[in-house]
Amino acid sequence: MMNICRRRLVRTWDRLLSRSIATEKKRRPLDERSGWEAVIGLEIHAQIASRSKLFSGAATDFDCSVNSAVSLFDCASPGTLPVLNRRCVEAAVAAALALNCRLRTVSSFDRKHYFYADMPAGYQITQQRSPIAVDGHLDFFAYSADEAPVAKRLRIERIQIEMDSGKTVHDLANRRSLVDLNRAGVGLIEIVTDHQLHTGLEAACFAEELRQVLVHIGVCGGEMQKGQLRVDANVSVRRVGEALGVRTEVKNLNSFKFIETAVKYEIDRQYRLLSEGGQVVNETRGYDDEGRTVSMRDKEVRQDYRFMPEPNLPPLRLSDGPSDDPNVVSISSIKQTLPAALADKRRWYIEKIGMDPLVAIYTVNDTARMKFVDDCFADKTCPPIESMAFWLDEYRLALRKHKMDFSTE
Ligand code: ADP
Ligand code: MG
């Protein structure tokens with residue numbers, strides 16, 4: 001059995017190598033319903049790993065008691081002003097470099113107005129008109145337990161820096177809502193992708209790779225169950241060759257499984273509607289944990305966010321080369337601090353250690369396991385490279401037997 005799997009993986013890898021990622025144009029038709037295809041684009045919010053918030057000195061560790069990590073600015077006390085956190089800018093620059101984006105040496109901030117109890121100022125500061133980075137891409141593998149890995153590339157439209165909102169807790173028993181502002185003002189990077197994905201699996205695999213890249217470069221903690229990475233999936237269905245269909249947006253997906261299931265559900269729902277002569281309504285939908293998406297609010301009347309330039313923040317300037325100015329973030333200095341790209345590490349494991357491609361993907365997707373492998377290489381008493389793949393497999397099985405994992409000291 002093991003041998004059959006191994007042979008299948010090796011064949012898969014040969015196929016992957018013989019096909020250039022950039023020239024991979026083939027579109028997967030929508031399952032067996034040929035003639036139709038699904039189109040998916042993602043908006044990902046990643047919480048920046050920083051000690052203080054984007055525009056205030058309040059702490060970002062909100063395991064503390066409710067409303068205790070809140071500065072006067074975070075609760076929109078009159079007269080307070082935003083002070084941009086340098087660490088957040090550096091994190092956005094690192095993310096942009098890792099995602100092959102073009103950094104813009106001048107970008108700016110805007111106010112996006114909407115009324116929510118957990119956003120006391122009545123607006124969010126974001127980078128609507130002039131984002132910090134545009135036009136990147138990320139290579140990833142679409143794979144599952146029973147689908148061999150296929151190399152893909154997704155274009156990234158833009159990366160912008162913005163602040164998070166607070167949290168509203170609905171206390172249904174007492175018919176009241178409570179607001180916790182600990183999260184209000186925490187720095188986020190929003191990553192908007194092009195709509196080049198076609199299945200729920202692809203969307204989930206892309207999100208997984210993106211999460212891993214952001215964790216790897218130290219920009220985001222990546223803990224999805226804590227809301228550190230949240231994905232909105234835009235989904236539409238069309239006949240192949242026709243113009244884009246009307247899309248829906250499934251909000252706040254916080255696990256890869258949810259992304260895959262929600263997108264699949266949404267594709268099926270829209271396909272059924274369209275093939276019966278119905279129409280898809282442009283709306284925001286939520287995911288209900290039972291594998292379904294449900295309508296949340298109508299987007300047909302486009303919400304007017306009344307965007308305006310943020311008057312209390314000057315343009316954000318970056319320098320291309322080194323800079324002595326303590327107020328200027330240097331792109332080239334950050335580039336020097338970035339670790340080796342995950343894609344390069346994966347290739348190295350496969351080519352130098354002889355790891356199965358799927359095992360290499362799993363290794364890179366598990367920070368503890370990757371650290372373990374790298375530590376082994378640094379340690380001269382470890383087995384030689386040639387026997388490494390075998391040895392790692394044995395070690396993994398032994399760990400599993402004792403219910404441990406690679407992070408166990
Ligand atoms: P909005 O202003 O409503 O947020 P954007 O133009 O910023 O819209 O696009 C948001 C996301 O939706 C992007 O990832 C984009 O690729 C994707 N998208 C846009 N149109 C479609 C469509 N018809 N089907 C699927 N995804 C789409
Ligand atoms: Mg958007």
Side-chain angles (χ1 to χ4, degrees), residues 27-30 36-46 95-96 99-101 107 110-114 123-124 126-138 140 152-162 165 188-207 209-211 229-253 259-260 262-271 273-274 279-287 293 295-308:
R27 293 245 159 133
R28 278 162 59 99
L30 210 165
W36 292 83
E37 73 172 352
V39 176
I40 304 145
L42 303 178
E43 292 166 277
I44 298 115
H45 289 96
L99 299 174
N100 309 291
C101 289
S107 61
D110 305 293
R111 292 182 178 182
K112 178 180 185 178
H113 295 85
Y114 44 96
Y123 58 82
Q124 172 197 33
T126 179
Q127 293 197 298
Q128 177 69 19
R129 293 164 311 148
S130 182
I132 189 165
V134 293
D135 210 7
H137 66 260
L138 180 64
F140 67 104
K152 301 264 169 188
R153 170 169 292 185
L154 180 58
R155 205 179 77 80
I156 286 161
E157 282 179 11
R158 54 195 275 147
I159 295 183
Q160 63 199 42
I161 304 175
E162 58 188 37
S165 60
L188 300 175
I189 45 177
E190 179 177 349
I191 298 159
V192 182
T193 78
D194 201 350
H195 38 74
Q196 296 167 320
L197 299 166
H198 303 288
T199 65
L201 180 69
E202 281 180 13
C205 289
F206 172 82
E209 177 77 11
L210 178 67
R211 172 189 172 275
L229 195 93
R230 313 187 290 261
V231 175
D232 303 339
N234 293 269
V235 181
S236 66
V237 165
R238 65 172 167 190
R239 282 191 190 279
V240 177
E242 288 189 357
L244 282 177
V246 174
R247 70 174 140 139
T248 58
E249 184 176 10
V250 189
K251 283 271 186 202
N252 276 331
L253 298 164
I259 297 172
E260 185 177 351
V263 169
K264 261 191 191 144
Y265 180 92
E266 198 44 29
I267 293 173
D268 284 346
R269 191 188 67 85
Q270 293 187 13
Y271 168 75
L273 252 176
L274 293 173
Q279 279 182 339
V280 174
V281 179
N282 177 209
E283 63 182 356
T284 304
R285 298 177 73 86
Y287 180 68
T293 67
S295 182
M296 276 164 62
R297 62 187 133 97
D298 206 338
K299 242 192 171 182
E300 290 241 301
V301 188
R302 229 184 139 71
Q303 197 168 349
D304 179 6
Y305 293 116
R306 294 177 291 121
F307 283 106
M308 61 174 270

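Heavy atoms only: backbone and side chains are in, while hydrogens, waters and symmetry mates are out. Counting convention: from 1, in listed order, for ligands and their atoms alike.
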Tell me, do Asp135 and Arg155 make a side-chain contact under 4.5 Å, heavy atoms counted? yes
Test item: Arg238 and Glu37 side chains (from C-beta on) under 4.5 Å apart, heavy atoms: yes
Within 4.0 Å of some non-hydrogen atom of Asp194, the atoms of ligand 1 are 16 (O)
Find all atoms of ligand 1 within a distance of less than 4.0 Å from any non-hydrogen atom belonging to Leu244, and give their numbers and elements. 23 (N)
May I ask you to decide if Glu190's main-chain N or O and Glu162's side chain share a donor-acceptor pair within less than 3.5 Å? no
Checking Thr293 side chain against Ala262 main chain: does a donor-acceptor pair fall under 3.5 Å? no
With heavy atoms of Gly245 as the reference, note each atom of ligand 1 found under 4.0 Å away. 23 (N)
Taking atom 13 (C) of ligand 1 as the point of reference, which of Asp232, Val280, Thr193, Asn282 owns the nearest heavy atom? Thr193
Counting from 1, what ligand 1 atoms have a heavy atom of Leu42 closer than 4.0 Å? 14 (O)
Would you check whether Glu157 reaches within less than 4.0 Å of ligand 1, judged by its heavy atoms? yes
For atom 5 (P) of ligand 1, the option (of Glu249, Arg247, His195) bearing the nearest heavy atom: Arg247
Is a side-chain donor-acceptor pair under 3.5 Å present for Thr126 with Gln160? yes
Please evaluate residues Glu249 and Lys251 with respect to the criterion salt bridge (Lys or Arg N to Asp or Glu O under 4.0 Å), reporting the C-alpha separation (whole Å), side-chain torsions for both, the decisive distance (0.1 Å), and the verdict. CA-CA 6 Å; Glu249 184 176 10; Lys251 283 271 186 202; 3.4 Å; yes
Interfacing atoms of ligand 1 (cut-off 4.0 Å, heavy-atom, Val192): 13 (C), 14 (O)
